[in-house]
Every structure is written in structure tokens, then in C-alpha cells.
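Atoms within each ligand, like the ligands themselves, are counted from 1 in listed order.
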Amino acid sequence: MQTKQVHFPYISYLSLLIPIDMPRTKIAGIGMYVPPNVVTNHDLLKYMDTSDEWIQERTGIKERRFADRTKETTTTMAVEASKIAIERAGIAPQDIDFIIFATLSPDYYFPGCGVLVQRAMQMKEIGALDVRNQCSGFVYALSVGDQFIKTGMYKNILVIGSEKHSFGLDFSTRGRNISVIFGDGAGALVLQPTENPNQGILSTHLHSDGGNAEILAMFNPGTHANHWTPESVADFDHAEIGEMFMSHAMIDKAQNFPNMDGPTVFKKAVVKFPEVIMESLTANGLQPSDIGVLIPHQANLRIAQFVQQKLKLRDDQVYNNIDKYGNTTAASIPIALCEAWQMGKIKEGDLVCLAAFGSGFTWASALLMW
Ligand SMILES: CC(C)(COP(=O)(O)OP(=O)(O)OC[C@H]1O[C@@H](n2cnc3c(N)ncnc32)[C@H](O)[C@@H]1OP(=O)(O)O)[C@@H](O)C(=O)NCCC(=O)NCCS
């Protein structure tokens with residue numbers, strides 16, 4: 001989807017004389033929160049057969065943060081990041097007029113986390129939308145917010161990416177290909193309209209290929225009843241009615257954990273990342289050398305390095321922090337964006353490219369002027 005500034009020609013008789021320009025969407029405030037509990041690769045050796053060398057060599061991860069088991073949730077972390085973003089935007093929680101919350105690890109199966117943020121931050125009875133697009137969830141959420149700002153529907157949108165992965169991974173050797181990769185944390189942005197022609201979101205680009213839906217997936221709980229997979233990924237009780245969503249058999253057979261064919265994800269990601277970044281640049285008549293900072297979703301340092309090489313980007317044009325936080329899925333882009341900005345690596349007027357790839361498969365990019 002392309003969302004460049006559009007000149008709406010004439011919408012009424014009166015406007016024959018008044019061409020109407022849509023505003024652009026700017027990032028008015030940004031915040032992040034990571035739990036204080038640092039879990040190093042060495043710490044994971046207590047639970048599984050792995051090594052610091054293996055994890056660092058394959059992923060670039062040295063440590064990650066894990067939320068407090070009972071005091072922190074996906075929503076509480078989101079609230080901490082949102083407080084900072086809202087304060088930096090110079091507004092109050094009651095000024096927010098829409099919430100978009102991207103996560104794959106919600107507090108409840110339903111309702112979504114957006115309403116929990118609305119309650120926790122004592123916001124008005126505004127709309128709250130949850131986005132389920134995993135690693136590209138934040139760019140999808142940003143794109144939705146961009147449309148609402150440009151059309152004039154809302155003036156202050158809170159866009160959140162937050163994950164508490166540590167609650168549901170398989171930390172035995174059986175699950176080590178996945179559990180060593182993921183970490184917890186949250187990032188949030190406040191979107192507002194701007195008339196400044198040198199600022200704001202230039203375009204967003206969203207894609208999917210459901211042909212690979214089962215390559216990186218958590219099947220259960222779910223309603224699929226093995227419909228989409230040749231082999232059984234869910235064992236359920238043979239009751240006359242109900243009892244298929246989550247069963248004792250699923251838990252006994254460890255079918256309640258995420259599944260990933262890592263090499264297939266890797267091969268597809270290194271193609272789709274450069275493709276969707278180039279799509280955003282081409283749509284705006286720009287080239288890789290114009291990028292001030294690329295914030296790739298922090299899936300794996302090797303993927304980010306491959307993308308950097310392919311696009312011939314200098315080290316200072318790409319920001320990575322997977323070594324400290326692991327892959328925080330929907331939170332990885334806002335956390336990296338916030339950290340890069342706090343470190344002074346993003347300045348006013350810089351061209352920033354956000355790009356993501358993940359489960360679905362879905363992939364997406366956004367190009368903006370800071
Ligand atoms: C997950 C990933 C790091 C695994 O690396 P890989 O080189 O592809 O490794 P493989 O899965 O082929 O496994 C290679 C070996 O390492 C072992 N291994 C897997 N995880 C391990 C771990 N944490 N520690 C030690 N050994 C491990 C495997 O059992 C396998 O052993 P074997 O050869 O004896 O069977 C890599 O595939 C990857 O990063 N893929 C992309 C994943 C991703 O980005 N996911 C998020 C999507 S946004």
C-alpha cells in the first residue's frame with residue numbers, strides 16, 4: 001500500500017476554488033520499556049543444552065530481558081513505554097483519541113491489550129484496535145494509524161508494540177531453536193498530523209504470503225482441528241462437543257509451544273527485507289544511499305547484516321540492538337527506533353526506513369522523515 005501525500009482535487013462545489021492537501025503523519029513522541037531482569041546466554045545453560053558461542057554466532061544475541069513472572073504483563077510494559085511517548089509528545093493520556101496495539105503475546109486470548117491500556121491509563125472511551133501481525137505487527141499498526149491521521153479522523157494516536165515472550169516458550173532442549181531468540185519489552189509512539197513538508201511518513205508498504213503460514217506458528221490454542229496441516233499438530237479429546245481449543249493431550253505432547261523452521265524463515269527473510277525496503281525507496285524516488293537510518297526488525301543479526309550488504313549500506317546507516325534484547329517481535333522496531341533516537345543517531349529531517357519480516361509470512365516497510 002502506498003500512502004504518499006495525496007492532493008484531493010475537488011470534493012465539493014465550493015472546493016473548486018480550494019484544493020485540499022491531506023496532512024502528513026509525524027511521530028510526536030516515542031518511548032520504550034524493557035524489564036530490568038537481564039538473562040544472558042550463560043543463564044540459559046541452566047535449562048537447556050546450548051552455548052553462548054552457538055547463540056552469538058547464529059543470531060548475534062548476547063542477552064535479553066525477561067519480564068517479572070507475575071508483576072509485569074505485555075500491557076503493563078506497554079503502559080510504561082506509552083507514558084514516556086505521551087509525555088514526550090507534550091500531551092496527556094486523556095488527549096489520545098485512538099489506540100493501536102500490536103502483539104502476539106496478549107494478556108488475555110481476548111479481549112485484546114488495547115482496551116487494557118485504555119483502562120490502565122484512564123483514557124477516554126476511545127477506539128482500541130489490536131493488530132496480530134507478529135514481527136511486522138508494528139509497521140502494520142503504524143500504517144493503520146497513518147491512514148487515520150491523514151484522513152483527519154484522529155489527531156493523537158498511540159501506536160504500541162509489546163511482547164512478553166518469556167511466559168510461554170519451551171525452555172527445555174526441545175525448544176532451544178526458538179527460546180534462545182526471543183525477549184520481552186515494549187515500545188510506543190504518538191502519531192499526530194503535521195503540515196511540515198519535510199517531516200512525517202512518506203509511505204508504508206504491506207505484504208503477506210499465507211502459503212508459509214505454518215513455517216513459524218503457534219497452533220494451539222486454536223480452532224484449526226488439524227485442518228491445514230498434513231500431520232496432527234493438535235491432539236484433542238474425543239468429546240461429542242467442544243474441548244478442541246486446548247486439551248490435556250496438547251499440553252502432554254508439548255503442542256502449546258511455538259514452532260519454527262528457522263532455515264526457511266532465514267532464506268525468505270533475506271529476500272523480502274531488501275525487496276520491501278527497495279519498494280519504499282522506489283515509491284518515493286529515493287535510493288539506499290539516501291537512507292539516514294534503517295531500523296530493521298531485530299530478528300537475527302545475520303539477517304540484518306545480509307540486508308545491509310545487499311543494499312550497500314554503511315554501518316552508521318543501520319541500527320541494531322538485538323545483542324541486548326533478542327527478538328522482541330512487535331516491540332523490536334519501536335524499541336530500536338527509540339534507542340537510536342535517544343542516542344542521537346536520528347536527527348530532525350533524517351530519512352528513516354523501518355522494515356520487518358515474520359510469521360505469516362508478513363513483511364512491511366515504512367519510510368519517514370524524522
Ligand atoms: C533459528 C536459527 C538461529 C537456527 O540456526 P540454523 O543454523 O538455521 O540452525 P538449524 O535450525 O539448522 O539447526 C542446526 C543445529 O543446531 C542445533 N540447535 C538449534 N538450536 C540450538 C541452540 N539454541 N543451541 C545449540 N544448538 C542448537 C540444532 O538442533 C541443529 O543440530 P543438528 O545439526 O545436530 O540437528 C536460524 O535458522 C534463524 O535465525 N532463522 C531465522 C529465525 C528468525 O528470524 N525467526 C524470527 C522470525 S522474525
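- The protein reaches atom 42 (C) of ligand 1 closely, with a heavy atom under 4.0 angstrom from it.
- With 3.5 Å as the limit, one finds a donor-acceptor pair spanning the side chains of His207 and Glu279.
- Of all atoms in ligand 1, numbered sequentially from 1 with element shown, those under 4.0 Å from a heavy atom of Thr59 are 3 (C).
- Arg58 NH1, 2.4 Å is the protein heavy atom nearest to atom 7 (O) of ligand 1.
- Listed by number with element, the atoms of ligand 1 under 4.0 angstrom from any heavy atom of Phe357 are 48 (S).
- At a heavy-atom distance under 4.0 Å, only side-chain atoms of Cys135, from C-beta outward, approach ligand 1.
- Side-chain contact, His297 with Ser332: a donor N or O sits under 3.5 Å from an acceptor N or O.
- Close contacts between ligand 1 and Asn327 involve ligand atoms 46 (C), 48 (S) [criterion: under 4.0 Å to a heavy atom].
- Asn41 and Glu63 share no side-chain donor-acceptor pair at under 3.5 Å.
- Within 6.0 Å of OH in Tyr47 there are 12 or fewer heavy atoms belonging to other residues, nucleotides or ligands.
- Atom CZ of Phe110 sits in a sparse spot, with 12 or fewer heavy atoms from other residues, nucleotides or ligands closer than 6.0 Å.
- A donor-acceptor pair shorter than 3.5 Å cannot be found between the side chains of Ser179 and Asp170.
- Residue contacts with ligand 1 for Ile181 involve side-chain atoms from C-beta outward but no N, CA, C or O (heavy atoms, distance under 4.0 Å).
- Closer than 4.0 Å to atom 9 (O) of ligand 1 lies at least one heavy atom of the protein.
- The distance from ligand 1 to the heavy atoms of Asn300 drops below 4.0 Å at these ligand atoms: 38 (C), 39 (O).
- By the criterion of a heavy-atom distance under 4.0 Å, neither the backbone nor the side chain of Met48 is placed next to ligand 1.
- Under the 4.0 angstrom criterion, atom 24 (N) of ligand 1 counts as having a protein heavy-atom contact.
- Annotation for Trp54: atom CH2 counts as buried by contact number, over 12 foreign heavy atoms lying within 6.0 Å.
- Scanning the protein heavy atoms around atom 18 (N) of ligand 1, the nearest turns out to be Trp54 CZ2, 3.3 Å.
- For ligand 1, the atoms lying closer than 4.0 Å to a non-hydrogen atom of Gly262 are 37 (O), 40 (N), 41 (C).
- Every N/O-N/O distance between Leu216 and ligand 1 stays at or above 3.5 Å.
- More than 12 heavy atoms of other residues, nucleotides or ligands sit less than 6.0 Å from atom CZ of Arg302.
- Checking Leu354, Leu351, Ile277 one by one against Leu367, the side-chain contact (heavy atoms from CB on, under 4.5 Å) holds for a single residue, Leu351.
- The protein atom (non-hydrogen) at minimum distance from atom 44 (O) of ligand 1 is Ala299 CB, 3.5 Å.
- Atom 35 (O) of ligand 1 is never approached by the protein to below 4.0 angstrom, counting heavy atoms only.
- With hydrogens and angles left out, the side-chain atoms of Asn196 and Thr194 include no donor and acceptor closer than 3.5 Å.
- Residue-level proximity to ligand 1 for Thr50 is carried by backbone and side chain together, each with a heavy atom below 4.0 angstrom.
- Polar contact with ligand 1: absent for His297 (N/O pair, distance under 3.5 Å).
- For ligand 1, the atoms closer than 4.0 angstrom to any heavy atom of Asn177 are 1 (C), 19 (C), 20 (N).
- Between Phe66 and Phe167, the distance separating the two ring centers is not shorter than 6.0 angstrom.
- Distance remark: protein heavy atom present below 4.0 angstrom from atom 3 (C) of ligand 1.
- Looking at Ser247 and Asp237, their side chains never bring a donor and an acceptor atom within 3.5 Å of each other.
- Counting protein heavy atoms under 4.0 angstrom from atom 13 (O) of ligand 1 gives zero.
- Residue contacts with ligand 1: Met260 is included, with a non-hydrogen atom under 4.0 Å away.
- Asn327 and Gln298 are not linked by any side-chain donor-acceptor pair at a separation below 3.5 angstrom, with hydrogens and angles left out of the test.
- When hydrogens are left out, the protein atom nearest atom 29 (O) of ligand 1 is Arg176 NH2, 3.1 Å; that is the closest non-hydrogen contact.
- Residue contact check: Pro263 has heavy atoms under 4.0 Å from atoms 8 (O), 11 (O), 12 (O), 37 (O) of ligand 1.
- Residue contacts with ligand 1, taken as heavy atom pairs separated by less than 4.0 Å, involve Val180 solely via side-chain atoms from C-beta onward.
- Side chain to side chain, Asp323 and Gln56 fail the donor-acceptor criterion of an N or O pair below 3.5 Å.
- In this structure, Glu231 places its CD atom where more than 12 heavy-atom neighbours from other residues, nucleotides or ligands lie under 6.0 Å away.
- With a heavy-atom cut-off of 4.0 Å, Thr329 does not touch ligand 1 at all.
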